[in-house]
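What follows is a short report on a single structure.
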There are 2 protein chains.
Amino acid sequence: MVDYSPLLENINRYVSLTGEEATELTNIVSTSKVKRKQFIIQPGFVCQNRSYIVKGAFRVFYIGNDGKEHTVSIGVEDWFVTDFYSYINQVPALNYAEALEDSVIFQMNYNDIEPLCKKIHAISEYFRLTTEKAFAFSRRRVISSISKTAEERYEEYLASYPHIVQRIPQYVLASYLGISPEFLSKIRKRKASKS
Amino acid sequence: MVDYSPLLENINRYVSLTGEEATELTNIVSTSKVKRKQFIIQPGFVCQNRSYIVKGAFRVFYIGNDGKEHTVSIGVEDWFVTDFYSYINQVPALNYAEALEDSVIFQMNYNDIEPLCKKIHAISEYFRLTTEKAFAFSRRRVISSISKTAEERYEEYLASYPHIVQRIPQYVLASYLGISPEFLSKIRKRKASKS
DNA sequence: TAAATAAAATGAACTAGATTAAGAAGTAAC
DNA sequence: GTTACTTCTTAATCTAGTTCATTTTATTTA
(Lines give C-alpha, C1' and ligand atoms only; values in the text may rest on other atoms or scores of the structure.)
Protein backbone atom coordinates (compact mmCIF):
# COMPACT_ATOMS: atom_id res chain seq x y z
CA MET A 1 0.00 0.00 0.00
CA VAL A 2 1.54 3.25 -1.19
CA ASP A 3 1.44 6.34 1.00
CA TYR A 4 0.26 9.23 -1.15
CA SER A 5 0.11 11.74 1.69
CA PRO A 6 3.08 13.91 0.61
CA LEU A 7 1.41 14.57 -2.75
CA LEU A 8 -2.05 14.99 -1.22
CA GLU A 9 -0.73 17.44 1.33
CA ASN A 10 0.90 19.43 -1.43
CA ILE A 11 -2.42 19.58 -3.26
CA ASN A 12 -4.22 20.46 -0.08
CA ARG A 13 -2.19 23.63 0.24
CA TYR A 14 -3.99 24.94 -2.84
CA VAL A 15 -7.40 23.31 -3.05
CA SER A 16 -9.51 20.81 -1.13
CA LEU A 17 -10.37 17.52 -2.69
CA THR A 18 -13.20 15.26 -1.58
CA GLY A 19 -12.18 11.74 -0.62
CA GLU A 20 -13.52 10.47 -3.90
CA GLU A 21 -11.61 13.04 -5.92
CA ALA A 22 -8.41 12.18 -4.08
CA THR A 23 -8.97 8.53 -4.95
CA GLU A 24 -9.55 9.34 -8.60
CA LEU A 25 -6.25 11.15 -8.56
CA THR A 26 -4.21 8.53 -6.77
CA ASN A 27 -5.64 5.95 -9.15
CA ILE A 28 -3.66 7.49 -11.98
CA VAL A 29 -0.45 7.75 -9.97
CA SER A 30 2.27 5.19 -10.50
CA THR A 31 5.31 4.90 -8.27
CA SER A 32 8.87 4.43 -9.57
CA LYS A 33 12.25 3.95 -8.03
CA VAL A 34 15.03 5.62 -9.94
CA LYS A 35 18.73 4.98 -9.44
CA ARG A 36 21.29 7.78 -9.35
CA LYS A 37 22.43 8.85 -12.85
CA GLN A 38 19.38 7.25 -14.42
CA PHE A 39 17.34 9.31 -16.92
CA ILE A 40 13.57 9.66 -16.74
CA ILE A 41 13.38 12.02 -19.73
CA GLN A 42 15.54 11.91 -22.84
CA PRO A 43 15.72 13.97 -26.03
CA GLY A 44 13.69 12.50 -28.84
CA PHE A 45 11.08 10.94 -26.54
CA VAL A 46 7.83 12.65 -25.62
CA CYS A 47 7.67 13.55 -21.94
CA GLN A 48 4.56 11.67 -20.88
CA ASN A 49 4.58 12.47 -17.18
CA ARG A 50 4.47 15.03 -14.51
CA SER A 51 6.74 13.46 -11.90
CA TYR A 52 6.42 14.34 -8.23
CA ILE A 53 9.57 13.74 -6.19
CA VAL A 54 8.79 11.72 -3.07
CA LYS A 55 12.43 11.21 -2.18
CA GLY A 56 15.67 12.16 -3.88
CA ALA A 57 16.83 14.86 -6.27
CA PHE A 58 16.68 15.47 -10.00
CA ARG A 59 17.87 17.91 -12.56
CA VAL A 60 16.63 18.76 -16.04
CA PHE A 61 19.36 19.73 -18.46
CA TYR A 62 20.00 20.05 -22.09
CA ILE A 63 23.05 19.85 -24.28
CA GLY A 64 23.59 22.98 -26.33
CA ASN A 65 25.19 23.45 -29.74
CA ASP A 66 28.39 24.10 -27.88
CA GLY A 67 28.22 20.51 -26.61
CA LYS A 68 27.87 21.68 -23.01
CA GLU A 69 25.29 20.76 -20.40
CA HIS A 70 22.93 23.50 -19.29
CA THR A 71 20.81 22.79 -16.23
CA VAL A 72 17.26 24.07 -16.62
CA SER A 73 15.93 23.07 -13.23
CA ILE A 74 16.89 21.31 -10.05
CA GLY A 75 14.33 19.66 -7.81
CA VAL A 76 14.19 17.82 -4.51
CA GLU A 77 11.43 16.33 -2.34
CA ASP A 78 7.96 17.82 -2.90
CA TRP A 79 8.86 19.33 -6.30
CA PHE A 80 7.83 18.29 -9.77
CA VAL A 81 10.20 17.29 -12.58
CA THR A 82 9.03 17.68 -16.16
CA ASP A 83 10.19 18.82 -19.54
CA PHE A 84 7.29 21.21 -19.65
CA TYR A 85 7.48 22.13 -23.30
CA SER A 86 7.51 18.50 -24.36
CA TYR A 87 4.80 17.61 -21.85
CA ILE A 88 2.20 20.21 -22.71
CA ASN A 89 2.71 20.05 -26.46
CA GLN A 90 3.28 16.30 -26.46
CA VAL A 91 6.25 16.67 -28.76
CA PRO A 92 9.68 15.06 -28.39
CA ALA A 93 11.75 16.45 -25.54
CA LEU A 94 14.97 18.40 -26.00
CA ASN A 95 16.06 17.83 -22.44
CA TYR A 96 17.32 15.10 -20.18
CA ALA A 97 15.99 14.60 -16.66
CA GLU A 98 18.49 12.79 -14.50
CA ALA A 99 18.34 11.51 -10.94
CA LEU A 100 21.08 13.08 -8.84
CA GLU A 101 20.45 10.57 -6.05
CA ASP A 102 18.61 7.26 -5.71
CA SER A 103 15.04 8.52 -5.79
CA VAL A 104 11.35 7.68 -5.57
CA ILE A 105 8.79 9.47 -7.74
CA PHE A 106 5.06 9.53 -8.36
CA GLN A 107 4.32 9.70 -12.04
CA MET A 108 1.09 10.98 -13.57
CA ASN A 109 0.53 10.53 -17.26
CA TYR A 110 -0.56 13.37 -19.56
CA ASN A 111 -3.32 11.20 -21.01
CA ASP A 112 -4.72 10.62 -17.53
CA ILE A 113 -4.22 14.10 -16.12
CA GLU A 114 -5.81 16.06 -18.93
CA PRO A 115 -9.16 14.24 -18.74
CA LEU A 116 -9.02 14.52 -14.96
CA CYS A 117 -8.53 18.29 -15.20
CA LYS A 118 -11.54 18.46 -17.51
CA LYS A 119 -13.56 16.33 -15.13
CA ILE A 120 -12.60 17.58 -11.69
CA HIS A 121 -12.66 21.33 -11.21
CA ALA A 122 -10.48 21.30 -8.08
CA ILE A 123 -7.69 19.44 -9.89
CA SER A 124 -7.77 21.91 -12.73
CA GLU A 125 -7.49 24.67 -10.13
CA TYR A 126 -4.58 22.92 -8.44
CA PHE A 127 -2.56 22.78 -11.64
CA ARG A 128 -3.60 26.31 -12.58
CA LEU A 129 -2.42 27.74 -9.27
CA THR A 130 0.82 25.78 -9.10
CA THR A 131 1.73 26.56 -12.69
CA GLU A 132 1.02 30.26 -12.12
CA LYS A 133 3.43 30.11 -9.24
CA ALA A 134 6.05 28.27 -11.27
CA PHE A 135 5.66 30.79 -14.06
CA ALA A 136 6.11 33.76 -11.73
CA PHE A 137 9.21 32.08 -10.36
CA SER A 138 10.57 31.40 -13.83
CA ARG A 139 10.19 35.07 -14.74
CA ARG A 140 12.23 35.99 -11.70
CA ARG A 141 14.95 33.70 -12.90
CA VAL A 142 14.90 35.35 -16.31
CA ILE A 143 15.31 38.71 -14.59
CA SER A 144 18.22 37.36 -12.56
CA SER A 145 19.95 35.91 -15.55
CA ILE A 146 19.72 39.06 -17.64
CA SER A 147 20.42 41.59 -14.91
CA LYS A 148 22.74 40.09 -12.32
CA THR A 149 26.37 39.08 -12.29
CA ALA A 150 27.44 35.47 -11.83
CA GLU A 151 28.44 36.19 -8.24
CA GLU A 152 25.08 37.79 -7.44
CA ARG A 153 23.22 34.83 -8.92
CA TYR A 154 25.31 32.47 -6.85
CA GLU A 155 24.63 34.44 -3.66
CA GLU A 156 20.95 34.50 -4.49
CA TYR A 157 20.80 30.74 -4.98
CA LEU A 158 22.79 30.14 -1.83
CA ALA A 159 20.40 32.31 0.17
CA SER A 160 17.30 30.69 -1.32
CA TYR A 161 18.35 27.03 -1.32
CA PRO A 162 21.17 26.48 1.15
CA HIS A 163 20.06 22.87 1.74
CA ILE A 164 20.09 22.06 -1.98
CA VAL A 165 23.56 23.48 -2.54
CA GLN A 166 24.92 20.88 -0.10
CA ARG A 167 23.34 18.06 -2.06
CA ILE A 168 24.34 18.74 -5.62
CA PRO A 169 27.70 18.58 -7.40
CA GLN A 170 29.26 21.93 -8.08
CA TYR A 171 29.31 21.52 -11.85
CA VAL A 172 25.53 21.08 -11.78
CA LEU A 173 25.08 24.33 -9.88
CA ALA A 174 27.46 26.10 -12.25
CA SER A 175 25.51 24.91 -15.27
CA TYR A 176 22.29 26.05 -13.56
CA LEU A 177 23.71 29.51 -12.89
CA GLY A 178 24.98 29.72 -16.45
CA ILE A 179 28.68 29.87 -15.66
CA SER A 180 31.68 27.59 -16.05
CA PRO A 181 32.58 25.30 -13.12
CA GLU A 182 36.02 26.93 -13.01
CA PHE A 183 34.50 30.33 -12.50
CA LEU A 184 32.18 29.09 -9.75
CA SER A 185 35.23 27.66 -8.04
CA LYS A 186 36.87 31.06 -8.29
CA ILE A 187 33.80 32.81 -6.86
CA ARG A 188 33.75 30.44 -3.93
CA LYS A 189 37.39 31.00 -3.20
CA ARG A 190 36.91 34.75 -3.37
CA LYS A 191 34.02 34.53 -0.91
CA ALA A 192 35.86 32.21 1.48
CA SER A 193 38.85 34.51 1.74
CA LYS A 194 36.58 37.48 2.46
CA SER A 195 34.96 36.00 5.54
CA MET B 1 -20.95 48.67 -26.99
CA VAL B 2 -17.55 47.10 -26.63
CA ASP B 3 -16.44 44.32 -28.99
CA TYR B 4 -15.00 41.53 -26.87
CA SER B 5 -14.49 39.14 -29.78
CA PRO B 6 -10.65 39.25 -29.86
CA LEU B 7 -10.51 38.09 -26.24
CA LEU B 8 -13.33 35.57 -26.68
CA GLU B 9 -11.65 34.12 -29.75
CA ASN B 10 -8.43 33.76 -27.84
CA ILE B 11 -10.29 31.87 -25.11
CA ASN B 12 -12.06 29.78 -27.69
CA ARG B 13 -8.77 28.41 -28.90
CA TYR B 14 -8.41 26.62 -25.57
CA VAL B 15 -11.90 25.93 -24.19
CA SER B 16 -15.51 26.49 -25.15
CA LEU B 17 -17.65 28.78 -23.07
CA THR B 18 -21.43 28.82 -23.05
CA GLY B 19 -23.03 32.16 -23.93
CA GLU B 20 -23.81 32.71 -20.28
CA GLU B 21 -20.25 31.98 -19.19
CA ALA B 22 -18.92 34.36 -21.81
CA THR B 23 -21.23 37.05 -20.45
CA GLU B 24 -20.08 36.42 -16.89
CA LEU B 25 -16.56 36.90 -18.10
CA THR B 26 -17.10 40.05 -20.16
CA ASN B 27 -19.00 41.50 -17.20
CA ILE B 28 -15.77 41.72 -15.26
CA VAL B 29 -13.77 43.19 -18.15
CA SER B 30 -13.08 46.90 -18.21
CA THR B 31 -11.64 48.71 -21.21
CA SER B 32 -8.86 51.30 -20.99
CA LYS B 33 -7.05 53.51 -23.41
CA VAL B 34 -3.41 54.00 -22.59
CA LYS B 35 -1.17 56.64 -24.12
CA ARG B 36 2.37 55.87 -25.23
CA LYS B 37 4.92 56.05 -22.37
CA GLN B 38 2.16 55.72 -19.81
CA PHE B 39 2.58 53.13 -17.03
CA ILE B 40 -0.10 50.62 -16.10
CA ILE B 41 2.03 48.91 -13.44
CA GLN B 42 4.52 50.58 -11.13
CA PRO B 43 6.82 49.35 -8.36
CA GLY B 44 5.27 49.62 -4.95
CA PHE B 45 1.71 49.11 -6.19
CA VAL B 46 0.00 45.72 -6.26
CA CYS B 47 -0.69 44.55 -9.79
CA GLN B 48 -4.46 44.11 -9.68
CA ASN B 49 -5.07 43.11 -13.26
CA ARG B 50 -4.44 40.71 -16.03
CA SER B 51 -4.45 43.05 -19.04
CA TYR B 52 -5.27 41.78 -22.50
CA ILE B 53 -3.85 43.91 -25.33
CA VAL B 54 -6.55 44.75 -27.85
CA LYS B 55 -4.40 47.20 -29.75
CA GLY B 56 -0.89 48.51 -29.19
CA ALA B 57 2.27 47.27 -27.53
CA PHE B 58 3.63 47.07 -24.00
CA ARG B 59 6.73 46.07 -22.18
CA VAL B 60 7.34 45.03 -18.59
CA PHE B 61 10.69 46.09 -17.21
CA TYR B 62 12.45 46.59 -13.99
CA ILE B 63 15.29 48.75 -12.81
CA GLY B 64 18.14 46.75 -11.34
CA ASN B 65 20.64 47.62 -8.63
CA ASP B 66 22.88 48.78 -11.43
CA GLY B 67 20.28 51.47 -12.21
CA LYS B 68 19.60 49.96 -15.63
CA GLU B 69 16.35 48.95 -17.23
CA HIS B 70 15.83 45.24 -17.86
CA THR B 71 12.91 44.25 -20.05
CA VAL B 72 11.12 41.19 -18.74
CA SER B 73 8.51 40.87 -21.46
CA ILE B 74 7.26 42.53 -24.60
CA GLY B 75 3.68 42.11 -25.79
CA VAL B 76 1.52 43.19 -28.71
CA GLU B 77 -2.08 42.53 -29.80
CA ASP B 78 -3.64 39.35 -28.37
CA TRP B 79 -1.06 39.03 -25.58
CA PHE B 80 -1.41 39.60 -21.86
CA VAL B 81 0.61 42.08 -19.79
CA THR B 82 1.03 41.43 -16.09
CA ASP B 83 3.59 41.56 -13.34
CA PHE B 84 2.85 37.96 -12.62
CA TYR B 85 4.62 37.69 -9.30
CA SER B 86 2.81 40.72 -7.94
CA TYR B 87 -0.49 39.60 -9.42
CA ILE B 88 -0.64 36.06 -8.09
CA ASN B 89 0.76 36.85 -4.67
CA GLN B 90 -1.03 40.20 -4.47
CA VAL B 91 2.10 41.88 -3.21
CA PRO B 92 3.63 45.17 -4.41
CA ALA B 93 5.15 44.99 -7.87
CA LEU B 94 8.86 45.36 -8.59
CA ASN B 95 8.29 46.09 -12.25
CA TYR B 96 6.95 48.79 -14.49
CA ALA B 97 4.61 48.04 -17.39
CA GLU B 98 4.77 50.75 -20.01
CA ALA B 99 2.82 51.33 -23.22
CA LEU B 100 5.20 51.46 -26.17
CA GLU B 101 2.40 52.81 -28.39
CA ASP B 102 -1.01 54.35 -27.85
CA SER B 103 -2.94 51.25 -26.83
CA VAL B 104 -6.27 49.75 -25.84
CA ILE B 105 -6.49 47.04 -23.20
CA PHE B 106 -9.08 44.84 -21.50
CA GLN B 107 -8.44 44.65 -17.80
CA MET B 108 -9.64 41.88 -15.51
CA ASN B 109 -9.22 42.28 -11.78
CA TYR B 110 -7.69 39.59 -9.58
CA ASN B 111 -10.61 39.84 -7.16
CA ASP B 112 -13.05 39.14 -9.98
CA ILE B 113 -11.04 36.50 -11.82
CA GLU B 114 -10.23 34.27 -8.88
CA PRO B 115 -13.88 33.74 -7.87
CA LEU B 116 -14.74 33.22 -11.53
CA CYS B 117 -12.08 30.51 -11.82
CA LYS B 118 -13.54 28.84 -8.76
CA LYS B 119 -17.03 29.11 -10.19
CA ILE B 120 -16.58 28.34 -13.88
CA HIS B 121 -14.57 25.25 -14.68
CA ALA B 122 -13.88 26.25 -18.30
CA ILE B 123 -12.35 29.55 -17.24
CA SER B 124 -10.10 27.82 -14.75
CA GLU B 125 -9.05 25.51 -17.59
CA TYR B 126 -8.40 28.46 -19.88
CA PHE B 127 -6.00 30.07 -17.44
CA ARG B 128 -4.41 26.75 -16.60
CA LEU B 129 -3.67 25.95 -20.22
CA THR B 130 -2.44 29.41 -21.16
CA THR B 131 -0.23 29.67 -18.10
CA GLU B 132 1.24 26.25 -18.80
CA LYS B 133 2.11 27.48 -22.25
CA ALA B 134 3.60 30.70 -20.90
CA PHE B 135 5.62 28.73 -18.40
CA ALA B 136 7.02 26.39 -21.04
CA PHE B 137 7.95 29.43 -23.08
CA SER B 138 9.61 31.11 -20.13
CA ARG B 139 11.75 28.04 -19.52
CA ARG B 140 12.92 28.17 -23.10
CA ARG B 141 13.97 31.75 -22.56
CA VAL B 142 15.94 30.74 -19.49
CA ILE B 143 17.71 28.11 -21.57
CA SER B 144 18.49 30.69 -24.24
CA SER B 145 19.85 33.17 -21.79
CA ILE B 146 22.14 30.72 -20.05
CA SER B 147 23.34 28.83 -23.10
CA LYS B 148 23.41 31.13 -26.10
CA THR B 149 25.53 34.07 -27.14
CA ALA B 150 24.06 37.54 -27.52
CA GLU B 151 24.13 37.20 -31.28
CA GLU B 152 22.34 33.85 -31.21
CA ARG B 153 19.64 35.27 -28.95
CA TYR B 154 19.18 38.20 -31.29
CA GLU B 155 18.87 35.91 -34.32
CA GLU B 156 16.40 33.77 -32.43
CA TYR B 157 14.23 36.74 -31.53
CA LEU B 158 14.41 38.08 -35.05
CA ALA B 159 13.31 34.73 -36.46
CA SER B 160 10.46 34.35 -33.96
CA TYR B 161 9.11 37.89 -33.89
CA PRO B 162 10.15 39.75 -37.03
CA HIS B 163 7.03 41.94 -36.90
CA ILE B 164 7.67 42.97 -33.30
CA VAL B 165 11.29 43.93 -33.94
CA GLN B 166 10.05 46.57 -36.39
CA ARG B 167 7.78 48.11 -33.80
CA ILE B 168 10.00 48.50 -30.77
CA PRO B 169 12.97 50.75 -30.06
CA GLN B 170 16.34 49.08 -30.20
CA TYR B 171 17.24 49.83 -26.59
CA VAL B 172 14.13 47.93 -25.49
CA LEU B 173 15.13 44.89 -27.49
CA ALA B 174 18.68 45.11 -26.14
CA SER B 175 17.41 45.21 -22.57
CA TYR B 176 15.16 42.23 -23.34
CA LEU B 177 18.04 40.22 -24.76
CA GLY B 178 20.20 41.14 -21.77
CA ILE B 179 22.84 43.11 -23.64
CA SER B 180 23.87 46.74 -23.93
CA PRO B 181 22.31 48.83 -26.72
CA GLU B 182 25.82 49.54 -28.05
CA PHE B 183 26.52 45.87 -28.45
CA LEU B 184 23.22 45.23 -30.22
CA SER B 185 24.12 48.03 -32.60
CA LYS B 186 27.44 46.33 -33.23
CA ILE B 187 25.78 42.94 -33.85
CA ARG B 188 23.43 44.51 -36.37
CA LYS B 189 26.28 46.17 -38.20
CA ARG B 190 28.18 42.89 -38.31
CA LYS B 191 25.14 41.11 -39.75
CA ALA B 192 24.44 43.84 -42.33
CA SER B 193 27.96 43.73 -43.72
CA LYS B 194 27.77 39.94 -44.02
CA SER B 195 24.76 39.89 -46.32
C1' DT C 1 10.92 75.09 -39.47
C1' DA C 2 13.64 75.49 -35.82
C1' DA C 3 14.91 74.04 -31.54
C1' DA C 4 14.95 70.40 -28.23
C1' DT C 5 15.08 65.77 -27.06
C1' DA C 6 15.50 61.03 -27.62
C1' DA C 7 17.54 57.16 -30.04
C1' DA C 8 21.19 54.98 -32.62
C1' DA C 9 26.06 54.52 -34.23
C1' DT C 10 31.02 54.47 -33.65
C1' DG C 11 35.33 53.55 -31.61
C1' DA C 12 38.79 53.02 -27.81
C1' DA C 13 39.73 51.23 -23.33
C1' DC C 14 38.37 47.90 -20.11
C1' DT C 15 36.51 43.63 -17.43
C1' DA C 16 33.66 39.62 -16.29
C1' DG C 17 33.80 35.36 -17.37
C1' DA C 18 35.42 31.50 -20.80
C1' DT C 19 38.90 28.43 -22.26
C1' DT C 20 42.74 25.51 -21.85
C1' DA C 21 45.69 22.66 -19.47
C1' DA C 22 47.59 20.52 -15.52
C1' DG C 23 47.44 18.86 -10.95
C1' DA C 24 44.97 17.64 -6.46
C1' DA C 25 41.51 15.45 -4.06
C1' DG C 26 37.73 12.75 -3.46
C1' DT C 27 34.81 8.21 -4.72
C1' DA C 28 33.99 3.90 -6.56
C1' DA C 29 35.37 -0.58 -8.16
C1' DC C 30 37.93 -4.48 -8.06
C1' DG D 1 44.93 -0.95 -0.98
C1' DT D 2 45.68 0.02 -5.81
C1' DT D 3 43.64 1.44 -10.18
C1' DA D 4 40.49 4.04 -12.50
C1' DC D 5 37.20 7.58 -12.75
C1' DT D 6 34.97 11.86 -11.50
C1' DT D 7 34.97 16.18 -9.40
C1' DC D 8 37.32 20.34 -7.86
C1' DT D 9 41.10 23.77 -7.88
C1' DT D 10 44.50 26.93 -9.73
C1' DA D 11 46.69 29.86 -12.92
C1' DA D 12 47.67 31.80 -17.58
C1' DT D 13 45.67 33.36 -21.62
C1' DC D 14 41.92 34.93 -24.37
C1' DT D 15 37.33 37.01 -25.88
C1' DA D 16 32.47 38.38 -25.76
C1' DG D 17 30.38 41.97 -24.17
C1' DT D 18 30.58 46.49 -21.17
C1' DT D 19 31.60 51.24 -20.35
C1' DC D 20 32.46 55.73 -21.54
C1' DA D 21 32.73 59.55 -24.48
C1' DT D 22 31.49 61.60 -28.88
C1' DT D 23 28.92 62.13 -33.16
C1' DT D 24 25.02 61.26 -36.20
C1' DT D 25 20.40 60.52 -37.05
C1' DA D 26 15.46 60.43 -35.85
C1' DT D 27 11.53 62.03 -33.46
C1' DT D 28 8.93 65.41 -30.75
C1' DT D 29 7.38 69.70 -29.53
C1' DA D 30 6.60 74.37 -30.08
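Per chain, numbering begins at 1; letters A, B, ... match sequence-line order.
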Legend entry - Hydrophobic cluster (4.5 angstrom, side-chain heavy atoms) - remaining members for A/V142: B/V142
Inset, instruction - Salt-bridge test for A/R153 and A/E156: reply yes if a basic N is under 4.0 Å from a carboxylate O, no otherwise. - result: no
Inset, instruction - Taking only the side-chain heavy atoms of A/K189 (C-beta and beyond), determine which of D/dT7, D/dA11, D/dT19 contains the nearest atom. - result: D/dA11
Inset, instruction - Using whole Å, report how far CG of A/L100 lies from P of D/dT6. - result: 16 Å
Inset, instruction - Can you run down the ring-ring contact (aromatic ring centres under 6.0 Å, His included) pairs that involve residues 13-38 of chain A, sequence neighbours left out, and say none if there aren't any? - result: A/Y14-A/Y126
Legend entry - Pair B/E151 + B/K191, salt bridge at N-O below 4.0 Å: no
Legend entry - Pairs involving residues 78-88 of chain B, ordered by first then second residue, that meet salt bridge (Lys or Arg N to Asp or Glu O under 4.0 Å) (sequence neighbours left out): B/R13-B/D78
Legend entry - Length of the line joining B/E182:CD and D/dT24:P, which is rounded to integer Å: 17 Å
Inset, instruction - For DNA chain C, note the earliest and the latest nucleotide, 5' to 3', having some atom under 4.0 Å of a heavy atom belonging to chain A. - result: C/dG17 to C/dT20
Legend entry - Sequence neighbours excluded, every pair satisfying ring-ring contact (aromatic ring centres under 6.0 Å, His included) that has a member inside residues 82-102 of chain B: A/F135-B/F84, B/F39-B/Y96, B/F61-B/Y96, B/Y87-B/Y110
Inset, instruction - Note down the inter-axis angle between the two ends of the helix from C/dT1-D/dA30 to C/dA22-D/dT9, five pairs each, to the nearest 10°. - result: 50°
Legend entry - Stretch residues 163-176 of chain A: residues that reach within less than 4.0 Å of DNA chain D through a heavy atom: A/P169, A/Q170, A/Y171
Inset, instruction - Could you pick out which residue, A/K186 or B/I179, lies toward the 5' side of DNA chain D when each is mapped onto its nearest nucleotide? - result: A/K186
Legend entry - With B/Q42 via side-chain hydrogen bond (donor to acceptor under 3.5 Å, both in side chains) - residues at least two apart: none
Legend entry - A/Y154 and A/T149 side chains, donor-acceptor separation under 3.5 Å: no
Legend entry - Where at least one partner belongs to residues 39-56 of chain B, residue pairs that pass salt bridge (Lys or Arg N to Asp or Glu O under 4.0 Å), sequence neighbours excluded: A/E132-B/R50
Inset, instruction - Can you tell me which residue pairs pass the salt bridge (Lys or Arg N to Asp or Glu O under 4.0 Å) test with a partner in residues 24-40 of chain B, sequence neighbours excluded? - result: B/E24-B/K119, B/K35-B/D102
Inset, instruction - Round to the nearest Å and state the distance from B/I187 atom CD1 to D/dA16 atom P. - result: 11 Å
Legend entry - Under the ring pair (Phe, Tyr, Trp, His ring centres under 6.0 Å) test, residues paired with A/Y157 that sit two or more places apart: A/Y161, A/Y176
Legend entry - Test item: side-chain donor near acceptor, A/N49 and A/S51, under 3.5 Å: no
Inset, instruction - Answer yes if the side chains of A/S124 and B/S124 hold a donor-acceptor pair under 3.5 Å, and no otherwise. - result: yes
Legend entry - Length of the CG-C1' vector between B/L184 and D/dG17, whole Å: 12 Å
Inset, instruction - By nearest nucleotide on DNA chain C, pick out whichever of A/D66 and B/F183 is the more 5' one. - result: B/F183
Review item, nucleotides 25-30 of chain D N/O atoms under 3.5 Å of protein N/O:
{"from": "D/dT28", "atom 1": "OP1", "to": "B/R36", "atom 2": "NH2", "distance (Å)": "3.3"}

